[in-house]
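Whatever order the structure lists them in is the order used to number ligands and atoms, beginning at 1. These numbers come from a predicted model, not from an experiment. The first residue of the sequence shown is numbered 1, and numbering continues consecutively from there.
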Amino acid sequence: MPDPGLSPLQSSLPSGVAGFAARVLADAAAHGLAGAPAVPTEKPTEVPAAAPAAEPVAEAAAEPVAGSAAPAVAIPPRPDLGRILGGPTGLGTAALSLVPRAEPPAAPLGPPADALIIPGLYYHPVPEPDPVRVDEVSLRIKSWAVDEVRLFPDDWEGQFDGFSVGRYMVACHPDAPTVEHLMVATRLMVAENAVDDCYCEDHGGSPIGLGGRLLLAHTALDPLHSTGEYQPHWAESLHADAPRRAYRSAMDYFVRQATPSQADRFRHDMARLHMGYLAEAAWAQTDHVPEVWEYLVMRQFNNFRPCPTITDTVGGYELPADLHAQPGMQRVLALAGNASTIVNDLYSYTKELAAPGRHMNLPVVLADRESLSEKDAYLKAVEVHNDLMRDFEAASAELAAACPVPSVLRFLRGVAVWVDGNHYWHQTNTYRYSLPDFW
Ligand SMILES: CC(C)=CCC/C(C)=C(\C)COP(=O)(O)OP(=O)(O)O
Ligand SMILES: [Mg+2]
């Protein structure tokens, strides 16, 4: 077959990705595909799978919401994101429609009546996550936690349930073709929180000795390859405590769903996360309050990033490694993780103030380093979050325009939806979070 040469679209790609993207596009065209799954997936049972639409920009995105009690906050319209970054949006759920929907959702968008409202916060509301899926994921994850990995003692059951991880993951991954795809994300989310709680934080964690604990736990994700004499000791160690049992099992399920390069991507993100935990712990040990920018560096690593970056595995397709590695995508992922993590700093502020010792979060560091009142520091942290969100959206739009490969567009949309679902979970988890009464 003659080489058709580069299309105008292909030739507009940035130089680093043009060749690879051109191959992907040509390959997709040759197979009549638009972002089709690159990994074998079980046959969807609950939601009909469909190749996502390839059109880069078409529909209006969800209107952003600034917390209702805010002094008016001017929210500039989002850049030209359209279908790519629309996220779940009621009428705009079509913008999310990586899978077809039988009926439009009945409920109007907007936070539930008892949701936590942060004045001036820029976010996108999502539709209520599918309650059938939430119930099913909640049942399956409890059974995994109790029967497969013996995750928690009986008296932590209320906290496990209150975490509402089923609702969290269904909100963040509305395009998962089956419940089992959702379970891949849900087990990892639970395991990641078990390591954080039990090794670093308030369920027996401590900065002292954290490096050794984290390194050994990391091998549940990135296995030891050693001699016949020592290998069995290591294998045995993966069953020694709940965090390692959870990591080992969750990773085992994940690698069966993921391609090797997706698994490697995840390991890299988890190494980043563990490095962030270690910096936070080192500063706690010496009672050091970092500069604001230093805190933001730490929080870019101690960060939700490992969660949105598996959106393609959970969605049953693959963003090819070269497209994931391109600088534009790395910027999008860093900004998405940072905005999502500062959301946590805002919603967990009172929980962390009430915890023993000084727990750092962005408002606390701003108050200390910039000599602000608690309220002014909190409001400045809201502004920092909003800037990160806007930069994330601008970077996504730029990349979508520069590299409109179907899997890139679907991945960008999946990351944006994850960011919105993460916000939704924080805003509605009144079991876990509450707000300060500054206003
Ligand atoms: C799920 C995952 C990768 C978590 C990594 C780190 C983490 C637990 C967060 C980014 C959440 O922050 P934090 O530890 O402050 O959580 P809570 O405020 O206790 O909910
Ligand atoms: Mg927090």
Please verify the inter-ring angle class for [X] with [Y]; under 30° counts as parallel, over 60° as perpendicular, anything in between as tilted.
X: His124; Y: Tyr122; result: perpendicular
X: His426; Y: Phe304; result: perpendicular
X: Phe163; Y: Tyr168; result: tilted
X: Tyr433; Y: Tyr347; result: tilted

May I ask you to check if any N/O/S atom from [X] comes under 2.8 Å of the Mg ion (ligand 2)?
X: Asn361; answer: no
X: Asn344; answer: yes
X: Glu352; answer: yes

What part of [X], side chain, backbone, both or neither, has a heavy atom within less than 4.0 angstrom of ligand 1?
X: Leu273; result: side chain
X: Phe301; result: neither
X: Arg305; result: neither
X: Asn361; result: neither

- prompt: Salt-bridged, Arg410 to Asp175, with N to O below 4.0 Å?
  reply: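 A salt bridge links Arg410 with Asp175.
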message: Does this structure show an ion pair linking Glu180 with Arg187, if we count only N-O contacts that are shorter than 4.0 Å?
response: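 Answer for the salt bridge query: yes.
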- prompt: Is it the case that Tyr424 and Glu128 place a side-chain donor and acceptor less than 3.5 Å from each other?
  reply: yes
message: Polar contacts were defined as any N/O atom of the residue lying under 3.5 Å from an N/O atom of the ligand; does this apply to Ser348 and ligand 1?
response: yes
Identity and distance of the protein heavy atom lying nearest [atom]:
atom: atom 13 (P) of ligand 1; answer: Asn344 OD1, 3.5 Å
atom: atom 3 (C) of ligand 1; answer: Glu192 OE1, 3.5 Å
atom: atom 14 (O) of ligand 1; answer: Asp196 OD2, 2.9 Å
atom: atom 19 (O) of ligand 1; answer: Lys351 NZ, 2.7 Å
atom: atom 10 (C) of ligand 1; answer: Arg299 NH1, 3.6 Å
atom: atom 20 (O) of ligand 1; answer: Tyr433 OH, 2.4 Å

task: Considering non-hydrogen atoms only, spot the tightest contact between Asn302 and Leu273 and give its length.
output: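 So the two residues come closest at CA-CD1, 4.0 Å.
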- request: Work out which heavy atom in Val415 is nearest to a heavy atom in Ala336; give both atom names and the distance.
  value: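 It is CG1-CB, 3.6 Å.
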Under a 4.0 angstrom heavy-atom cut-off, which atoms of ligand 1 come close to [X]?
X: Cys307; result: 1 (C), 3 (C)
X: Asn193; result: 1 (C), 8 (C)
X: Arg432; result: 17 (P), 19 (O), 20 (O)
X: Asn302; result: 6 (C)
X: Met189; result: 1 (C)

task: Measure the CG-CD1 distance between Asn303 and Ile342 for me, rounded to the nearest 0.5 Å.
output: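 Rounded to the nearest 0.5 Å, the CG-CD1 separation comes out at 8.5 Å.
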message: Pair Thr219, Trp234 - check side chain to side chain donor-acceptor pair (under 3.5 Å), show working.
response: CA-CA 9 Å; Thr219 64; Trp234 165 77; 2.7 Å; yes
message: Under 4.0 Å, counting heavy atoms only: does Tyr347 come that close to any atom of ligand 1?
response: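 No; Tyr347 lies far enough from ligand 1 that no heavy-atom distance drops under 4.0 Å.
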query: Taking the six-membered ring of Tyr253, is the NZ or CZ of Arg256 close enough (under 6.0 Å from the centre) and on axis enough (within 45°)?
result: yes
